[in-house]
Amino acid sequence: MNDGLIADNLSVKGSGLQFCGQDVAALAKEYGTPLYLMDEDCIRARCRTYREAVKRAFGERGRVLYASKAAAFLHMFRIMQEEGLSVDVVSCGELYTAYKAGFPMENVWFHSSNKTDADIAFGMDLGVGCFIVDNTDELESIDRIAAERQFRQDILLRITPGIDPHTFDAVATGKVDSKFGFGIETGAAEAVTARALELPHVRLVGFHCHVGSQVFDSDVFLRSADILFSYMDRIRAVYGYVADRLDLGGGYGVRYVVSDPALDLAANIAEVGARVKALCERYAYPQPEISFEPGRSIVADAGLTVYTVGTVKRIPDVVNYVSVDGGMTDNIRYALYGASYTVLPASRMDEPAEMNCTVVGRCCESGDIIQPNVLLPESTRRGDLLAVCTTGAYHYSMASNYNRLPRPPIVMLRGGTSTVAVRRETLDDLLRCDA
Ligand SMILES: *Cc1c(COP(=O)(O)O)cnc(C)c1O
C-alpha cells in the first residue's frame, strides 16, 4: 500500500519516507544530498511492459527503443541491453556511452535535428543501425560520407505529421511549424523521400515521426499512424516504394502530481496495434516493423531526488521559501517549462503539511525554483530532508554545473540493495577541462 502517495515504490514508516522499501534518510546519510535515487526494478518492469505489449501487438515486427536522452549513463544502457530494448541516441556523447557500455551498435538509432559531418562519420564508424534523417543537408552528407566508406547506410526519414499533441510547447514537435522533420503538407516530405530513393549510398528503410512528450492517451499515435499510412500509400503509388519500418516515436506521459492521469501502457499499445492492423488491411500494405521510442515513461517515476533543507525564509503574508541544497542544476524543469512536481517532507511524513511554500534551489537566479505552492509541515527546518518525486527522466540528463555546483550521484536501488551508478562529482572534477 502506498498511503495515497504518488507511486507504488513510495511508502511511509514512522516519520520517514521509504523508497523501494529502503529508508530515504539512511540512503541520504550514506550517499549525501542532493541525491538521485533510481528504482531499477521499476525501470526493468517498465521495459518488460513495453516489450510484451509491443510483442502482443506486432509480433516479431515490433521494436522498443529507449530514448536515452531521458537518462543516459553506462548502467542504464546495460539495463536496456539486458532487457532486450534498442536505444535512440541524439549525440556522439550518448552514442559513445552506449558503445562503452557494450551496447550492440546495430540496435542504436541515431537521431538529432542537426548532425554534423563529424557526428555522421562517428556514427558510421561505430556502426549504428540507422540514422533518422531530419533535413536535406544531412541526407546529402550521409550519402557522401557513406560513399567514402563504400557502403550503403540505412536511414529513416523524420516526417512531421502536422499534429498538435496539446502538451507544453517546448516538447511539442509534430506541428507543421516544428523545427523537426519534413512536413507532409508542405511537400517537403515527398521531395526528400524522392531524393533519398535516388541516392546510391543511403537505403531508405522507412519513416519516423514523433509528435511530442507527456501525452496521456493513444490519440496522437493513432492519428500519426493514419497520416503516415496514407502518406506511405501515396509514396508507394508514385514511386513504388514500400516502407519496411515505421517508427511512431515516444511521448507517453507519467504522473508528476496526483491530478495527472494514470496511463495503461499495455492497453494503449494494444489500441495502436489494432489501428496499424486495420491500416495495413485498408491499404493492403505489408506490415512494417513498428517501433516506439519511450524515454520518460520508462524512467521518470523510477526516480526520486533527495535534498537537505538549508533554510526556511518566511516573508509574512507574502511567501515562505524553503531552500534546498540542489536546484536548477539538478532539476531545471520548472524553470524551463513550469513543470509540476510532488514534493514530500521525507523526514516529517507523520506531521500535517499545512505551510504553503515555494521550494527553491541554491543557485543565484530568482528563477531557480523547484516548485511553488508546496505544502510542508510548519516545523520544517534546516537539516530536514525533502524528496521530489518522478525525477528519473530529464533531470540528470539536463543537469549542469551552474555556480560550479558538482552534479549529484545516481544510486540504483534493486531488490533491497543500493549501488552507485554515477558517482558524485568532486571539486576536482569541476576543473577537469580547465587549462
Ligand atoms: C525525446 C524523444 C523521444 C522520447 O520522448 P519521451 O517523452 O521521453 O518518451 C522519442 N523520440 C524522439 C525523436 C525524441 O526526440
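Residues take their numbers from the sequence shown, with the count starting at 1. Just follow the structure's listing: the first ligand is 1, and inside any ligand the first atom is 1.
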Indicate the atoms forming the closest heavy-atom contact of A393 with R296, along with that distance. CB-CA, 3.7 Å

Who's closest to atom 10 (C) of ligand 1 heavy-atom-wise, of E293, H208, Q214? E293

Should you measure from each heavy atom of R158, which atoms of ligand 1 turn up under 4.0 Å away? 13 (C)

Any G251 heavy atom less than 4.0 Å from ligand 1: yes

Under a 4.0 angstrom heavy-atom cut-off, which atoms of ligand 1 come close to A67? 3 (C), 4 (C), 10 (C)

Exercise: do S418 and Y31 side chains pair donor with acceptor under 3.5 Å: yes

So is P294 touching ligand 1 or not, going by heavy atoms under 4.0 Å? yes

N373 and N356: side chain donor to acceptor below 3.5 Å: yes

Give the contacting part of S213 toward ligand 1: side chain, backbone, both or neither, where contact means a heavy-atom distance below 4.0 Å. both

Using a strict cut-off of 4.0 Å, indicate which atoms of ligand 1 neighbour a heavy atom of R296. 6 (P), 7 (O), 8 (O), 9 (O)

Y66/Y50 aromatic ring centres below 6.0 Å: no

Step-by-step ring-ring contact (aromatic ring centres under 6.0 Å, His included) determination, H395 to Y341: CA-CA 12 Å; H395 288 76; Y341 285 99; 5.6 Å; yes

Nearest non-hydrogen partners of V192 and T136, listed with the distance: CG2-CG2, 3.8 Å

Hey, is Y394 one of the residues with a heavy atom under 4.0 angstrom from ligand 1? yes

Mind checking whether H111 contacts ligand 1 via backbone (N, CA, C, O), side chain (CB onward), both or neither, at a 4.0 Å heavy-atom cut-off? side chain

As an exercise, identify every atom of ligand 1 less than 4.0 angstrom from a heavy atom of G295. 4 (C), 6 (P), 8 (O), 9 (O)

Taking the six-membered ring for Trp and the single ring otherwise, decide whether the centroids of H111 and H210 are under 6.0 Å apart. no

